[in-house]
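Presented below is the structure to which this report refers.
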Protein chains: 2
Amino acid sequence: MPYEPSAFPPFAVTVDLVVLTVRRHALCALAVRRGEAPYEGKWALPGGFVRADEDLDSAAARELAEETGLQAHDTAGGLPGAHLEQLATYGDPGRDPRMRVVSVAHLALAPDLPSPTPGGDARGARWAPVEDLLVDDASTRRHADDGDKASLAFDHDQILAAGVERARSKIEYSSLATAFCPPEFTVGELRRVYEAVWGVALDPRNFHRKVTGTPGFLVPSGGTTTRQGGRPAQLFRAGGANLLNPPMLRPEV
Amino acid sequence: MPYEPSAFPPFAVTVDLVVLTVRRHALCALAVRRGEAPYEGKWALPGGFVRADEDLDSAAARELAEETGLQAHDTAGGLPGAHLEQLATYGDPGRDPRMRVVSVAHLALAPDLPSPTPGGDARGARWAPVEDLLVDDASTRRHADDGDKASLAFDHDQILAAGVERARSKIEYSSLATAFCPPEFTVGELRRVYEAVWGVALDPRNFHRKVTGTPGFLVPSGGTTTRQGGRPAQLFRAGGANLLNPPMLRPEV
DNA sequence: CAAATAGTGTCTATCAGACATTATATC
DNA sequence: GATATAATGTCTGATAGACACTATTTG
């Protein structure tokens, strides 16, 4: 079918964000409460319309900054940085009851933020453990009497699940887990990131050997720190290596 | 920014397809010649508008069937099957000079087709080695005097490169390479798929041990075949396993 | 016979997992 | 001293890469 630019069905295009962070040893996602119909009062992923003259990545970075004050990493700037990448696009007819909306979902990984409730927007917003948000469809939705644990608006359950799975698999073979850490961090803090994202316990000694033995993954920044009553730990920064080869294996079986 | 469904900028949404196959020991992509402006006469990826009531995946499957006669695997049907998955979405303002077009690129992997020129469309279409299509932007575009080796229309160079890289990395840790093979195939044929996609030579003995030793990857179908003057080879079908663990390592370094 | 491909076996270096041991902080 | 965490070391089983060897076809 040749292009017929004059006769195309009109779509609205939005970006939705899966913003993940690690808080109190748990993987958490940013959720905002909807202030209008449809799904009024329900929790949803942050997002918004792509502007007429705006690139998709720019729209995602703009929404991220509006909701969290975080600056995407590829752009320069003094704000605290976050990793941002495109995730997948969702365009089922009927995913939004009002009109045909195609949403380009993005995944953002951020270090733990000082503000418990992300600023920018007057609507309610919270960091929620993904374990609470992702009630498995196979299990009953009446898992608890807490209505907040029900599913998200639109198809955002599906989008969140895809983002979490992307993050879980990508830290296996990339240095992306450092995106959850502040600029300087210890091996133990990085290990607790892996443990929170995967939901497993890792051997501290084997983990230490693996991450310090992979060239380019971690660069010692010189200092040491004592955070919780033990031997002071060496501080590291993320090295230049983006790919981990061989990968960090997720314990499974 | 809250939703304002009444005031959104209108977009056109298309699907573009990176259709890959292995022909004569080379990884090839399907290219169609544009019959109208812009980029009239240039090669481009097949694609078209998403219809008003159509899912994105359905649109991609429909375009794939129109261009090649291949049926996507998740749908039942007697046609020869192909693997189809969403790749990424491209929405730079100005990527199409006529209007704002967001394209949801999909990746399709197909076995070698009998018809040299894929049917369905009267426009020119061809299987071109990706090596010829992907002239590196770093190297000079005047690499050869053959104008056909120049870049594709729109941002299709970038899309094709992303699709090729996705295929190259995904056959490492999944059984996806069998999507390039007919329903029954030999270990040698599967190895030649890997060699063509990666552009490297693999040790036949280690490859045989790896693929036959991974549970669920290959299932013997009983028969044997002699194709090219050697000992007859056992025939296999793709097993149920989708993930290869540990992965098949791409020789690199 | 030679040549080509299929399939099996062997050796070695590397690495993940399990776990011992030492070092240095707080309480 | 007790306890907690950091950092290094040791052992073992699994496996990838290199390569010898046998099996069975075509020419």
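Each chain gets a letter, A, B and so on, in the order its sequence line appears, and its residues count up from 1.
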### Message
Can you measure A:Asn245 atom CG to D:dA16 atom P for me and round it to whole angstrom units?
### Response
13 Å
### Query
With no angle test and no hydrogens, is the base of C:dA6 tied to the side chain of B:Arg231 by a donor-acceptor pair under 3.5 Å?
yes
### Query
Could you give the CE-to-P distance, from B:Met248 to D:dA16, as a whole number of Å?
9 Å
### Query
Looking across every strand, which nucleic acid part, if any, lies under 4.0 Å from B:Pro204 by heavy atom: base, sugar-phosphate, or nothing?
nothing
### Message
Of the options C:dA16, C:dA18, C:dA6, whose atoms approach the side-chain atoms of A:Asn206 most closely?
### Response
C:dA18
### Query
To the nearest Å, how far apart are B:Asp203 CG and C:dT5 P?
14 Å
### Summary
Here the distance between atom P of C:dC15 and atom CZ of A:Arg209, to the nearest Å, is 10 Å
### Query
With ring centroids as reference points, do B:Tyr194 and B:Phe207 lie under 6.0 angstrom apart?
yes
### Message
What is the separation between atom CG on A:Leu202 and atom P on D:dA6, rounded to the nearest whole Å?
### Response
13 Å
### Message
At less than 4.0 Å, is any side-chain N or O atom of B:Lys210 found next to OP1 or OP2 of D:dA16? Yes or no.
### Response
yes
### Task
Using whole Å, report how far CD of B:Gln234 lies from P of D:dA23.
17 Å
### Query
In terms of the nearest nucleotide of DNA chain D, which residue is placed more toward the 5' end: B:Leu249 or A:Arg205?
A:Arg205
#### Entry: Interatomic distance, A:Leu218 CG vs D:dA7 P [rounded to whole Å]
11 Å
### Task
Using side-chain hydrogen bond (donor to acceptor under 3.5 Å, both in side chains) as the criterion, point out the one residue from B:His83, B:Glu85, B:Glu165 that pairs with B:Lys170.
B:Glu85
### Query
Hey, does the side chain of B:Thr178 reach the backbone of B:Ser175 with a donor-acceptor pair shorter than 3.5 angstrom?
yes
### Task
Using whole Å, report how far CZ of B:Arg250 lies from C1' of D:dA16.
17 Å
### Message
Is a donor from one side chain sitting under 3.5 angstrom from an acceptor on the other, for A:His156 and A:Gln158?
### Response
no
